Student: 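Have a look at the structure that comes next, please.
In what follows, chains are A, B, ... by sequence order, proteins preceding strands, each numbered from 1. Remember, it's a predicted structure, so these values are computed and weren't measured experimentally.
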Amino acid sequence: MFLKFFYTLKDVGIPVSPTSFLTLQKALDQGLINSLDDFYTCARAVLVKSERYFDLYDQVFAHHFEGVPLPEDAGFEIDDMARAMLDEWLKNPKTMADALGVDEEKLNRMSPDELIEYFKKRLKDQDGRHDGGSKWIGTGGTSPVGHSGYHPGGMRVGGESRNKSAVKVANERRYKDYSTKGPLTQAKIGEALKRLRNMRPAGPKDVINVDETIRETMKNAGEIELVFDRAMKDRLKVILAIDNGGWSMDPYIHVVQTLFDYARSQFKEVKTYFFHNTIYDYLWEDSSRYKKPKNIMEFSRLDPETRLVIVGDASMAPYELMAHDGSIHITERSGRPSIEQLKFLQDTFAHSVWLNPVSESMWGYTHTIMAISKIFPMYELSLDGLENAVTKLMEKA
Amino acid sequence: MTQTPDAQFQGAQKYVLDPELASIVNISMKLEMPLLLKGEPGTGKTMLAHAIAETLSMPLIILNVKSSMKLVEALYQYDTLTRLNDSRFGDSTRDVSNIDDYIKMGKIGQAFCADERAVLLIDEIDKADTDFQDDMLDVLDQMQFDIIETDKTITARNRPVIIITSNAKKDLSDPFLGRCNFHHIAFPEPKMMRKIIRVHFPKIDNSLAENAISAFYAMRDIDGIEKKPATRELINWIRALNADPDFRAKDLVKGAMPFLGVLFKKSPDYERAKNLTGRRKLF
């Protein structure tokens, strides 16, 4: 039963397993599911194991049981729309600016990347709240980017009470907020990173060492002698700096995201920063690189035992790396060229590596890769490269 | 099983149950699968287990997962030290040559050995590493584990109702997820929130509840807040407002925000909220 539903779920990219499908059959068999509403909640609890897929599930459910058309490529909805908006913008900046209710000048100053980011943000904004009419691109008709042309289900905004049919609930797509990332399961990266650990005894001596206690007790002719140890704790601090700007990194985003996800799960203390192409005066804590800058000079105050991992393709115009005013940001004009800053970071953190998603065989063709690999030990962002990088990071200085 | 198989969970005294969640809980109980709950802190993940235990009058056993925890600790503990002590002094009633006397059950062990069906809450599973999680699910799947020291197998007498909570943004491992049902508790909507407040404060003044709730949702909407206040904070806040004899409900409409510290626990958040409310007062 519901085989087609199951396979549609699989087709849109929700990781559903046959076992869970059998569990669902079991539930049906036992008569636990008596209505479509029951089926909606039940099938979701059994089949879908992450809130990231709740939205997709809603879409498939609405499609299967009510024939609401399924978006072509459900996962990339927002990106598609943002890109469509960019096209529209290129054709007719004025209309677009008016539709968005922003200054045309302001948009003009943005790079294509920034524009896309900005549009994406607006699209997401729209989805979360839909209060007034003034702020947003309407679905009505005046705007060049109305929803009906691209994604019929995309822009529906719910807001009614909870007691309604499952199809309606599904159509409402309450879980859209959570579906921003795609699936990331590359357990092997996790395996490689697991070795990045530094267990050290720390804290008060409050753990009893049974073996030692017995040995000491025997030495003491049976008079009990307790031996205490400090508990082992992972004391490793990691800073992960990721190049997330520019088209040049786009093909590698998937790998980098995986790495990032694992880093977060693996280390107690991992700080992630972002940069574009190379590092000048600041690293950013937010991925959009404008809210929370952090001056890299402040890093000198951090524990020098911190492991610094930089991820980037290290490919850029040579002047961006070498010139005093290489940064594209006007605020970053301390007069120190990027290459000096990189040297500074390498001096500060004795254990640092640069992971490059570009295949190692291609490195020789890019000047800046060669220059940076002279500063940081550079490894390819592959399993082998990662293993080597981890070994390097754990070396005794 | 002492519990009738048809026991249904329908919400408890202090817990307002979403009908959707209720059917998920009931299904998981019938299918005998653990239920994994995720959601913002303070949306009542832990409370759910308490509520289930209360309504179905089952004992509740809580395993608070810690990052350094090993699976064995959750199953049982072999108390070497007591045994050593007894062998030295020999003044206890325990039999030193019988290792069983020195095996203490951990939380999972207790749930397995309980005389009646119990609710086992495994709180904040994401704190432990993935090996722990996978191994634990094996145990919960088989409903049995071995005690190495005595070479005995402990099998669950009654399959406990298992609720697992996780705060993690990231997903747990695939084998883990494959073995449990999943639900994400979304943040309650104002309508739901009103019900929750009613349950917690049956005698609350209407205007106070309304004003507090609308002020609360406005506060949640302030941009750039790192840790948004959740249900727990709102309940504490209303409690604080109630306790203050000088406080009047209509002050909230005017923009006065007493006890902000109850809602915002991070100092940048607190400052931001304070600045905003301060400005509103000028009008």
Student: Report yes or no: do A:Gln25 and A:Asp29 form a side-chain donor-acceptor pair below 3.5 Å?
Tutor: no
Student: Answer yes or no: does atom NZ of B:Lys66 have more than 12 heavy-atom neighbours from other residues, nucleotides or ligands under 6.0 Å?
Tutor: no
Student: Given heavy-atom pairs under 4.5 angstrom as the criterion, report whether the side chain, backbone, both or neither of A:Val210 touches chain B.
Tutor: side chain
Student: Examine whether an atom of A:Leu47 lies under 4.5 Å from a heavy atom of chain B, and if so say whether it belongs to the side chain, the backbone or both; otherwise answer neither.
Tutor: neither
Student: Do B:Glu20 and A:Arg44 meet the salt-bridge criterion of a basic N to acidic O distance under 4.0 Å?
Tutor: yes
Student: Evaluate the ring planes of A:Phe39 and A:Phe5, with Trp represented by its six-membered ring, and classify them as parallel (under 30°), tilted (30 to 60°) or perpendicular (over 60°).
Tutor: tilted
Student: Against chain A, label B:Leu31 side chain, backbone, both or neither, depending on which of its atoms sit under 4.5 Å from a heavy atom there.
Tutor: both
Student: Considering only heavy atoms, which portion of B:Phe89 lies under 4.5 Å from any heavy atom of chain A: side chain, backbone, both, or neither?
Tutor: side chain
Student: With a 4.5 angstrom heavy-atom cut-off, which part of A:Ser17 approaches chain B: side chain, backbone, both or neither?
Tutor: neither
Student: Quick one: of A:Thr19, A:Thr213, A:Ile208, A:Thr217, who has the most non-hydrogen atom pairs under 4.5 Å with chain B?
Tutor: A:Ile208
Student: Between A:Val48 and chain B, which part of the residue has a heavy atom less than 4.5 Å away: side chain, backbone, both or neither?
Tutor: backbone
Student: At a 4.5 Å cut-off on heavy atoms, which part of B:Leu35 comes close to chain A: side chain, backbone, both, or neither?
Tutor: neither
Student: Taking atom types as modelled and ignoring hydrogens, do the side chains of B:Glu149 and B:Tyr102 form a donor-acceptor contact shorter than 3.5 angstrom?
Tutor: no
Student: Among B:Asp101, B:Asp86, B:Asp100, B:Thr82, which residue satisfies the side chain to side chain donor-acceptor pair (under 3.5 Å) criterion with B:Arg94?
Tutor: B:Asp86
